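Counting convention: from 1, in listed order, for ligands and their atoms alike. Heavy atoms only: backbone and side chains are in, while hydrogens, waters and symmetry mates are out. Only a predicted model underlies this, so the values are computations on that prediction, with no experimental measurement involved.
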Amino acid sequence: MSQFENLVQSQKEMFRAGKTMTYTYRIHQLQKLQEMLNRYEPRIYESLHKDLNKSTYEVLTTEFGFLQQEINYTIKYLREWMQPKKVKTPASHKGAKSLIYKQPYGVTLIISPWNYPLHLAIAPLIGAIAAGNTAIIKPSELTPYTSDLIEEMIKETFEEKYITVVQGGPEISQELLDQSLDYIFFTGSVPVGKIVMEKASKQLIPITLELGGKSPCIVDRDAKVEYAARRIVWGKFVNAGQTCVAPDYLLVHESIKEKLLNQIKTEIEKMYGSNPLQSGEYTKIVNDTHFDRLSQYLNEGHISVGGETDRTNRLINPTLIEQLDWDSKIMQDEIFGPLLPVMTFNELEEVYDHVEQSRNPLALYYFSENEKNQEWIVRNISFGGGCINDTMMHLGNNQLPFGGIGTSGIGKYHGKYSFETFTHEKSVLKQTTAFDLAFRYPNSKMGRKILKKLLK
Ligand code: NAD
């Protein structure tokens, strides 16, 4: 018997008791979650600094602030989202009413990664609470200070039978995946996503997979270079490039390459100083394995900016790498670090071929003033989501669903989409008992004639 059977059973009982169904209960829990984050704010900054050397600015903008916005928005609209939705009923069903009820799944499992360890554990939880589910959170083992803090905060705020944290690595994660769960929300890498999907398929448990991939950043000949450079540097080097939607590589029009790279160099210095390694404000690489993996890439191509590393503190300066082949290692894997390969193109059609090689990127960024070309890119290339003339900002708008396509993931969340993700839309037809239409039954006299008419 698994150590988690009792836990899942107690959450199932809690769910069946119906407490999580009411609007009042859900709002109260969201408020408790918000108060919890506020109460622990200083310790949140402290633990993220210990795990990843994240600066206060980065924690505020990408972790703490994001969650606050998401909770406020959910509290504001929850009542509206929870209402059963009345929809039209065809004439063939005269007398009946059709409704879509918003049904929570039950016991949900949230598995999260290390790169935004608080954000990526709590953002799905907001959706799970709002939709009326219970939740088990399995945070990453690679950010122990933040994962311990998440456990402590959740334990102090919620009953175990409602929301709890289970810590551990792949084995614990897999044991949890074998439980009789009602929904799985996974954020992490593509290979582990496949394991999660396989496990879920054994019990046909519905899932969301928020995965990664190689997100291209394309800069065309007519782009406003100064803005492009600034926005690329921000998107690529925040969290030292350890962001699922960071621009993975640069694909720049040959004619503006030199101008863009010079401007990128200037922007790096403006944002991080001449040697970020020594600034004390620059995010570190999560562990030695990832540091060594990234360091290997520095042996490929020609480094035109950065390249300095500090193994003791696991820091790598923002780096640009040129003269690479498309089949070099760095162009095959998701980089997930502060290294930006620079590739070039001459015709927009070439972009399509290159991007298609890395299949369904999670994000795509295109810099150009030409609206026709912007439309061409958006309509012809498959990607999860992205920006025109910016990087990563689509994430900060909770009106936009966030998620991948194909190899970059299945499903979406943020804002209302988080509520929908953790909700089953249950279709119900309420039939009248005031009369009974005979034409629907076999052998009715006028049946065929009426049906033919209705089908027109
Ligand atoms: P990961 O897949 O190694 O780990 C994610 C979670 O899965 C962790 O909690 C880990 O303990 C668990 N896990 C690891 N191996 C497992 C196994 N064999 N079986 C079951 N569970 C296992 O990912 P990571 O290294 O923590 O995060 C980096 C990856 O996550 C990158 O690929 C990145 O693109 C992706 N990511 C995606 C998003 C998104 O929103 N789409 C956000 C952040 C990160």
Side-chain angles (χ1 to χ4, degrees), residues 4 51-52 62-63 66 70 109-124 127 136-144 146-147 150-151 165-179 181 184-200 202 207-215 235-236 238-248 285-291 293-294 332-337 358 360-364 383-386 392 394-396 400-414 417-418 421:
F4 300 123
D51 279 326
L52 288 158
T62 64
E63 304 247 14
F66 179 91
E70 196 74 359
L109 172 65
I110 296 166
I111 301 179
S112 55
W114 52 263
N115 59 332
Y116 291 91
L118 180 79
H119 171 150
L120 294 169
I122 304 296
I136 300 167
I137 305 168
K138 210 300 282 167
S140 174
E141 68 283 17
L142 300 190
T143 41
T146 311
S147 294
I150 294 173
E151 183 175 5
V165 173
V166 171
Q167 290 211 59
E171 276 171 29
I172 291 290
S173 187
Q174 296 202 4
E175 200 176 328
L176 284 167
L177 288 165
D178 288 333
Q179 302 307 307
L181 303 158
I184 299 166
F185 189 103
F186 172 80
T187 309
S189 61
V190 174
V192 180
K194 288 181 186 169
I195 296 173
V196 172
M197 191 158 176
E198 200 182 325
K199 289 252 180 212
K202 300 234 161 71
I207 50 170
T208 295
L209 297 178
E210 293 284 342
L211 310 177
K214 283 188 93 59
S215 301
K236 177 68 188 184
V238 68
N239 209 29
Q242 301 169 114
T243 306
C244 57
V245 285
D248 185 276
I285 306 305
V286 68
N287 61 16
D288 288 346
T289 312
H290 280 283
F291 181 89
R293 177 183 65 81
L294 290 164
Q332 300 299 313
D333 310 331
E334 179 186 13
I335 300 169
F336 223 59
S358 45
N360 316 127
L362 180 58
L364 179 145
F383 56 95
M392 303 216 304
H394 60 303
L395 243 88
L400 292 172
F402 174 66
I405 172 168
T407 52
S408 55
I410 297 171
K412 55 193 182 302
Y413 74 133
H414 288 181
Y417 301 99
S418 296
T421 284

Arg293 side chain to Asp288 backbone, donor-acceptor under 3.5 Å: no
Could you walk me through whether Ser173 and Leu176 pass the side-chain contact (heavy atoms from CB on, under 4.5 Å) check? CA-CA 5 Å; Ser173 187; Leu176 284 167; 5.6 Å; no
So which heavy atom on Gly241 is nearest to which on Ala246, and how close? O-CB, 4.1 Å
Show which atoms of ligand 1 fall inside a sub-4.0 Å distance from at least one heavy-atom site of Ile195. 18 (N)
For atom 4 (O) of ligand 1, is there a protein heavy atom at a distance under 4.0 Å? no
Per-atom contacts, ligand 1 versus Ile111 - under 4.0 Å to a heavy atom: 6 (C), 7 (O), 9 (O)
With heavy atoms and a 4.0 Å threshold, my read on which part of Leu142 contacts ligand 1 is neither
For atom 20 (C) of ligand 1, what's the nearest protein heavy atom and its distance? Ser173 OG, 3.3 Å
Ligand 1-proximal atoms of Thr243, by part, heavy-atom distance under 4.0 Å: neither
Protein contact of atom 34 (O) of ligand 1 - nearest heavy atom, named by residue and atom, plus distance: Glu334 OE2, 2.6 Å
Show your reasoning for whether side-chain contact (heavy atoms from CB on, under 4.5 Å) applies to Ile111 and Leu177. CA-CA 10 Å; Ile111 301 179; Leu177 288 165; 3.9 Å; yes
How close does the nearest protein non-hydrogen atom get to atom 24 (P) of ligand 1, and which residue and atom is it? Trp114 NE1, 3.3 Å
In the protein, which heavy atom is nearest to atom 41 (N) of ligand 1, and how far is it? Leu211 O, 2.6 Å
Is the backbone N or O of Asn239 less than 3.5 Å from a side-chain atom of Gln242, with the two atoms forming a donor-acceptor pair by type? yes
How far is atom 19 (N) of ligand 1 from its nearest protein heavy atom, and which residue and atom name does that atom have? Gln174 NE2, 3.0 Å
Check Pro117 against Ala121 and note the closest heavy-atom contact, atom names and distance. O-CB, 3.5 Å
Heavy-atom nearest neighbour in the protein, as seen from atom 27 (O) of ligand 1, with distance rounded to 0.1 Å: Pro113 CB, 3.3 Å
Report the part of Thr187 in contact with ligand 1, treating N, CA, C, O as backbone and CB onward as side chain, heavy atoms under 4.0 Å; options are side chain, backbone, both, neither. both
Could you point out which residue of Asp51, Leu120, Leu142 forms a side-chain contact (heavy atoms from CB on, under 4.5 Å) with Trp114? Leu142
At under 4.0 Å between heavy atoms, is it the side chain or the backbone of Val190 that contacts ligand 1, or both, or neither? neither
How many angstroms lie between atom CG of Asn360 and atom OG1 of Thr407, to the nearest 0.5 angstrom? 4.0 Å
Taking only non-hydrogen atoms of Gly212 and a 4.0 Å limit, the atoms of ligand 1 in range are 34 (O)
Report, in ascending order of atom number, the atoms of ligand 1 lying under 4.0 Å from any heavy atom of Asn115. 43 (C), 44 (C)
In ligand 1, the atoms that come under 4.0 Å of a heavy atom of Leu120 are 42 (C), 43 (C)
Answer with yes or no whether Ser112 contacts ligand 1, where contact means a heavy atom under 4.0 Å from a ligand atom. yes
Heavy atom of the protein closest to atom 35 (C) of ligand 1 (residue, atom name, distance): Gly188 O, 3.1 Å
Sub-6.0 Å ring centroid separation between Phe66 and Tyr116: no
Nearest protein heavy-atom contact for atom 23 (O) of ligand 1: which residue, which atom, what distance? Ser189 N, 3.4 Å
Is the side chain of Thr421 donor-acceptor paired with the backbone N or O of Lys412 at a distance under 3.5 Å, no angle test? yes
Does ligand 1 have any atom sitting under 4.0 Å from a heavy atom of Phe186? yes
As an exercise, state the distance from NE2 of His394 to NE2 of His414, rounded to the nearest 0.5 Å. 9.0 Å
Nearest atoms (heavy-atom pairs only) where Gly212 meets Glu334: CA-OE2, 3.9 Å
Is it true that Glu151 and Gln167 share a donor-acceptor pair across their side chains at a distance under 3.5 Å? yes
Ligand-side contact atoms (ligand 1) for residue partner Lys138, heavy atom cut-off under 4.0 Å: 8 (C), 9 (O), 10 (C), 11 (O)
Please indicate whether any nitrogen or oxygen in Glu141 is less than 3.5 Å from any nitrogen or oxygen in ligand 1. yes
Distance filter under 4.0 Å to Leu362 heavy atoms, resulting ligand 1 atoms: 41 (N)
Would you confirm whether Ser215, through its side chain, and Leu364, through its main-chain N or O, come within 3.5 Å as a donor-acceptor pair? no
Which of the numbered atoms in ligand 1 are below 4.0 angstrom from a heavy atom of Phe336? 28 (C), 31 (C), 33 (C), 34 (O)
Out of Gly213, Cys244, Gly404, who is nearest to atom 39 (C) of ligand 1 when you count heavy atoms only? Cys244
Of the non-hydrogen atoms in Phe402 and Val245, which two are nearest, and what is the gap between them? CE1-CG1, 3.6 Å
Please classify the Phe402 to ligand 1 contact at 4.0 Å (heavy-atom distances, strictly less than): side chain, backbone, both or neither. side chain
